[in-house]
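A, B, ... follow the sequence lines: proteins, then strands. Residue 1 opens every chain.
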Amino acid sequence: MIPNETYYRRIDLPAGDLHVFAGDALFRAMGAKPLEIANNNLQIPNIRYMSYTPDAHVGVGTCIGTTAVWQADEGFVSPTIVGSDIGCGMRVHLTNLDADDLKDVKLRRKLVKAIEKRIPTENHARGHFSDIRLEDVLIKGLHGLPGKYVPDAYTPRRATSLTHVEHARFRYDEDALNRIPEHLWHRAHRQLGTLGGGNHFVELQAVTLDEANRDIGERWGLRDGQVIVMIHSGSRSWGGAVNQHCGSEVVKTMRKLGLGTADPKLAFAPLDSEAGATYVNLMYAALNFAVANRHLLAFAVRDALRETLGPQAETRTLYDLMHNYALEESHDGEPLFVHRKGATRSLPPGHPDNPEPYRETGHPALIPGSMGTSSYLMVGVPSGARNYHSICHGAGRVRSRNATKQLVTVDEFAASLRVGQEDEVVVNHRALEAIIDESPQAYKDVDQIIESVAGAGLAAVVAKCRPLATVKGV
DNA sequence: ATGTTC
């Protein structure tokens, strides 16, 4: 397959090359700031590759949509590139329901209420899982959850589908874990099972398979009209606690080694420094928190589905996949240290790093849309190796929260959710004002993003998933 | 994204 270069350009910046995977319109819409940020990021020593996906947009010190790669034996880790929401990512469960089963708006409302009862969405919400030991979750991830929260029907331990971190047991420096202040432990503990705000969501969606990859979709257990549960959430306050705790030591190390870039806020340290190693350790704990938390959210949705639609409702795990992290990976047999910030790993069929159930098809790459718009299930293709098998993380913000509040009226927002129509996307918030900064007008068009990803030869669409009901936090 | 908040 020869990728279409309409969707790729190499930008020759003073500090090094930036690879951008985006069509003309999306590239122009990015503006100049992402290039300035890239030029700062490229000043981190030994960086070997840096790219933007078409949904890239400005974040703190780095862009959301960044893939940044080092050789493992001379690697650097940057808490700024990974960002505060360590382990943020997606999870999808497949139900045995059909979209027609949820045709009734009142039933969708009842279901949303049942989910809200189990998943607190308000600010400062406390989760309903106080019988879980936070330390176990941080150290062992899913393996640290009591058995009752890992039901056989979708337990990743035995079942057919896994994430690439669910089974990883990261090595811990438990002393580093214990140096995180106690009040932050308590805060994280009571947040287990909560959703968080911003673009995070729990959504029920209806599947439409893409004809070109129908066979892969069917092997994953998908069918047209099927209802799936999509979850987008991260490590809640724990990720921020890790970044705050590690920040000062990382900066001290930079001073000691005489390192820095044009951006004083851009923090990074050698992987083999004490500050770098401690950060990586605590980042792993945040990845474990995030995966276990998404698992608990899915457990709560399963319970809500059963209460609303009967005990025969199933929710089997399809996959759980992060888009904010840094991990060692092997590419063409070479050990590399890969940062993905708002970038999704997407391995092609036959790639040896696919978990066993997805070895032949490639694993599902889970891509959220903005509110009221479709999400996508994608799969890697061989030519995705040119971007270290990284694709987009979603639609990508195009307008700040404040600018969106100024621009969009509640009526326009309601219209985009088809409020009052038979096919209304039912939202938990009665007052849409509270989440108007999440309206689709705040985001790029996800369909265009997907077109660029596919056009650049990074991945292919397996299914388009239309929203039926959405639960959002504030 | 998050918590905190002059």
### Query
With sequence neighbours excluded, what pairs up with A:Phe21 under the ring-ring contact (aromatic ring centres under 6.0 Å, His included) test?
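Testing A:Phe21 for ring-ring contact (aromatic ring centres under 6.0 Å, His included), a comparison that skips the adjacent residues, returns A:Tyr8.
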
Over all strands shown, is [X] touching base, sugar-phosphate only, or nothing at heavy-atom distances under 4.0 angstrom?
X        : value
A:Ser84  : base
A:Gly198 : sugar-phosphate
A:Arg397 : nothing
A:Gly197 : sugar-phosphate

### Query
OP1 or OP2 of B:dT2 less than 4.0 angstrom from a side-chain nitrogen or oxygen of A:Arg236, does that happen here?
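Looking at the OP1 and OP2 atoms of B:dT2, one of them is under 4.0 Å from a side-chain N or O of A:Arg236.
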
#### Entry: A:Asn199 vs B:dA1: side-chain N/O to OP1/OP2 distance below 4.0 Å
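The answer is yes; a side-chain N or O of A:Asn199 sits under 4.0 Å from OP1 or OP2.
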
Rounded to the nearest Å, what distance is computed from the [atom1] atom of residue [X] to the [atom2] atom of nucleotide [N]?
X        : N     : atom1 : atom2 : answer
A:His186 : B:dG3 : NE2   : P     : 16 Å
A:Gln244 : B:dA1 : CD    : P     : 18 Å
A:Asp437 : B:dA1 : CG    : P     : 9 Å
A:His124 : B:dA1 : NE2   : P     : 16 Å
A:Asn402 : B:dA1 : CG    : P     : 14 Å
A:Asn293 : B:dA1 : CG    : P     : 15 Å
A:Met283 : B:dA1 : CE    : C1'   : 17 Å
A:Ile86  : B:dG3 : CD1   : P     : 14 Å

### Task
Hey, could you give me each pair passing ring pair (Phe, Tyr, Trp, His ring centres under 6.0 Å) that has a residue in residues 122-142 of chain A? Not counting sequence neighbours.
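Pairs touching residues 122-142 of chain A that pass the test: A:Phe129-A:Tyr149.
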
### Query
At what distance, to the nearest 0.5 angstrom, does CG of A:Asp55 lie from CD1 of A:Ile449?
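Between atom CG of A:Asp55 and atom CD1 of A:Ile449 there are 5.0 Å.
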
### Message
On DNA chain B, does the nearest nucleotide to A:Arg401 precede the nearest nucleotide to A:His183 from the 5' side, or the other way round? Give the residue.
### Response
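Looking at DNA chain B, the more 5' nearest nucleotide goes with A:Arg401.
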
### Query
Relative to each other, are the rings of A:His19 and A:Tyr49 parallel, tilted or perpendicular (30° and 60° limits)?
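The rings of A:His19 and A:Tyr49 lie parallel, inter-plane angle below 30°.
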
### Query
Can the ring centroids of A:His363 and A:His389 be said to lie less than 6.0 angstrom from one another?
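No, the ring centres sit 6.0 Å or more apart.
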
